[in-house]
Amino acid sequence: MTIYQNLIAGEWVGGEASDNISPSDTNDIVGAFSQGTAKDANQAIAAAKAAFPAWSRSGIIERHSILRKAADEIIARKDELGKLLAREEGKTLPEAIAETVRAAQIFDFFAGEALRLTGEIVPSVRPGISVELTREPLGVIGIITPWNFPIAIPAWKIAPALCYGNTVVFKPAELVPGCAWAIVDILHRAGLPNGVLNLVMGSGSVVGQAMLDNPDLTGITFTGSTGTGKRVAIASIEHNRKFQLEMGGKNPMVVLDDADLDLAVEAAANSGFFSTGQRCTAASRLIVTEGIHDKFVAALTERLKRLNVDNALNRETDIGPVVDEKQLQQDLDYISLGQQEGAKLAFGGERIERQTPGFYLQPTLFTEATNQMRISREEIFGPVVNVIRVKDYAEALSVANDTPFGLSAGIATTSLKYATHFKRNSEAGMVMVNLPTAGVDFHVAFGGRKASSFGPREQGKYAAEFFTVVKTAYTQP
Ligand code: ADP
């Protein structure tokens, strides 16, 4: 079997390999991938440091054309790459292809941004003197990504890093090396000079930790759990390093009495259960006012009965498996906890068997949950959703904001007054009216508040904030 290797200083380098197994079918081995060491991580950082001076001064046409080539190849191979993603992560094939297309759009967007780099010239307070404000690349960027968006999250970190002239060491999540390898291979063949983009696959505690401990990384952009995010923050402060964190969510979706019922049910089903609920923007707290509560729960339960949980590659599948055994066990533990805490299990809750051996879980709905229960406060990261009954809009808003997190929030209402008030007063980074809480476009700012995020926003032109540093320069003519 081919071993997919790490890319360091433009060379594919081997090492011990580990099999990547499909969560839809544990007999399906997606591939064997090299497991990097701390030494590999340090060599990759040294290579990226050596490549930085030349790449940071490279022409915008070179950056544009490499990013553009990558976008074109990803689009041309969207079905094949989508299938790889579905196999290794467990998203359904349509979801996986859509994510692949999105990765291509991100490369396309930043190919364009490379041609639109600008600065400012402003008058100084001293007559006759002007001040130039320009953005310079940050340096060597460490990119550490999670398993739940195996191609889109790497794309939305790698594309801006390269566009603005940084060099990169990329460490993907252990469970999804396939998409990471594919994207690096595409960029390498698109003509990136050696050392500009390095790939070190392997474990967080070895490769990731070595990256955190290396003083030559100038910046780290991280998406993952709150616990690891804290480690990234502490290590970065020790090394005077710029960092950006995207972590958990416990996103609310408010449903008011005046909501369009069908629309609210569809938005809730999508927000809570699509992609197996494994999105940091998934809605896991449905906060529903009294007048519509029973109707909404009945209609949502009917909708859940029609969701087909099965192998990600089957055409009829609506919801793929949970990503691995450990995550499935965590979901099941939270389901038991919810019952102990006194929430009512209204639907699902059981592990299920399908034709292929995998990690299948029924979509699970709790009703009569309170916002103080641990199942309402902690991120479960699975297809497990709580309904919290409230009296009116004021209570709904207060419950929605009463959470340590603040990534995304939704409201289903036909009232302009409440929609407007909610957009203004939600303590989340992203707010959706009559739409699922997930699904932020690739060209607009992505990020949260409170324990969900730290540092500048990702995506779109906002990405420049993290990946560049502003230079203020004066000239006496
Ligand atoms: P999840 O629960 O989603 O797996 P993690 O935060 O553990 O969240 O993983 C997100 C990314 O962080 C992965 O690429 C993982 O390998 C990496 N990671 C885990 N532990 C560390 C660590 N100590 N240092 C650096 N990276 C780590």
Side-chain angles (χ1 to χ4, degrees), residues 6 18 20 23 33-38 40-42 44-45 88-91 140-158 168-181 183-184 198-217 219-239 241 243-250 275-282 284 322-331 333-334 359 378-382 384 405 407 448 451-454 458:
N6 289 318
S18 153
N20 179 18
F33 294 86
S34 287
Q35 298 295 295
T37 59
D40 292 330
N42 292 328
I45 292 169
E88 76 173 352
E89 198 269 352
K91 230 166 252 198
V140 180
I141 308 281
I143 295 181
I144 300 182
T145 54
W147 48 261
N148 66 330
F149 284 92
I151 197 159
I153 293 180
W156 87 46
K157 294 181 189 294
I158 293 172
V168 171
V169 176
F170 168 36
K171 194 214 91 65
E174 292 86 327
L175 295 173
V176 289
C179 289
W181 190 92
I183 207 172
V184 169
N198 302 274
L199 171 71
V200 189
M201 301 173 285
S203 89
S205 57
V206 176
V207 176
Q209 191 63 44
M211 288 168 68
L212 301 193
D213 296 339
N214 189 315
D216 286 338
L217 270 193
I220 289 201
T221 172
F222 167 84
T223 301
S225 64
T226 319
T228 309
K230 274 202 178 131
R231 278 171 178 268
V232 174
I234 290 165
S236 298
I237 285 169
E238 273 181 5
H239 293 295
R241 172 192 295 147
F243 61 101
Q244 172 184 57
L245 312 174
E246 290 298 343
M247 300 169 288
K250 194 71 195 178
S275 299
T276 324
Q278 297 176 147
R279 296 184 286 194
C280 44
T281 48
S284 49
V322 171
V323 75
D324 71 352
E325 184 80 50
K326 183 165 149 256
Q327 182 64 45
L328 175 61
Q329 195 51 53
Q330 177 173 313
D331 296 348
D333 289 347
Y334 271 111
F359 310 115
E378 297 170 19
E379 186 178 46
I380 300 173
F381 220 63
V384 184
F405 296 105
L407 190 57
S452 290
S453 303
F454 185 92
E458 299 200 78

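Atoms within each ligand, like the ligands themselves, are counted from 1 in listed order. In what follows, residues are counted from 1 in the order of the sequence shown. In this text the structure is predicted, and so the values were computed from the model without any measurement.
- By the criterion of a heavy-atom distance under 4.0 Å, the side chain of Glu174, and not its backbone, is placed next to ligand 1.
- Against a heavy-atom cut-off of under 4.0 Å, Thr145 is close to the following atoms of ligand 1: 11 (C), 13 (C), 14 (O).
- Polar contact with ligand 1: absent for Ser205 (N/O pair, distance under 3.5 Å).
- Taking atom 23 (N) of ligand 1 as the reference point, the nearest protein heavy-atom neighbour is Gln209 OE1, 3.0 Å.
- Proximity to Pro172 (heavy-atom distance under 4.0 Å) selects the following atoms of ligand 1: 14 (O).
- In summary, the side chains of Thr221 and Gln244 do present a donor paired with an acceptor at a separation below 3.5 Å, with no hydrogens or angles considered.
- For the pairing with Phe243, the side-chain contact (heavy atoms from CB on, under 4.5 Å) check across Leu212, Ile234, Ile237, Leu217 returns one residue only, Ile237.
- Taking a 4.0 Å cut-off on heavy atoms, Ala235 fails to register as neighbouring ligand 1.
- Here the side chain of Lys250 pairs no donor or acceptor atom with the backbone of Ser284 at under 3.5 angstrom.
- For the atom pair Met201 CE and Gln35 CD, the distance stands at 7.5 Å (nearest 0.5 Å).
- Using a distance-only test at 3.5 Å, with no hydrogens or angles considered, a donor-acceptor pair links the side chain of Arg241 to the main chain of Asn214.
- Protein heavy atom at the shortest distance from atom 18 (N) of ligand 1 is Gly204 CA, 3.4 Å.
- For the pair Lys91 and Phe149, the cation sits on the ring face: its NZ or CZ lies under 6.0 Å from the ring centre, inside 45° of the axis.
- Atom NZ of Lys171 sits about 15.0 Å away from atom CG of Asn198, to the nearest 0.5 Å.
- Atom 3 (O) of ligand 1 has Trp147 NE1, 3.6 Å as its closest protein atom, hydrogens excluded (heavy atom only).
- Nearest protein heavy-atom contact of atom 7 (O) of ligand 1 is Thr228 OG1, 3.6 Å.
- The closest non-hydrogen atom to atom 2 (O) of ligand 1, taken over Ala210, Ala173, Gly208, Ser225, comes from Ser225.
- For the side-chain contact (heavy atoms from CB on, under 4.5 Å) test with Leu199, the passing option among Pro172, Ser34, Pro177, Pro154 is Pro172; the others fail.
- Regarding atom 17 (C) of ligand 1, its nearest protein heavy-atom neighbour is Ile144 CG2, 3.7 Å.
- The protein does not reach atom 9 (O) of ligand 1 closely, with no heavy atom under 4.0 angstrom from it.
- In this structure, Phe222 has a heavy atom closer than 4.0 Å to ligand 1.
- Of the possible polar contacts, one joining the Glu379 side chain to the Gly249 backbone as a donor-acceptor pair under 3.5 Å is found.
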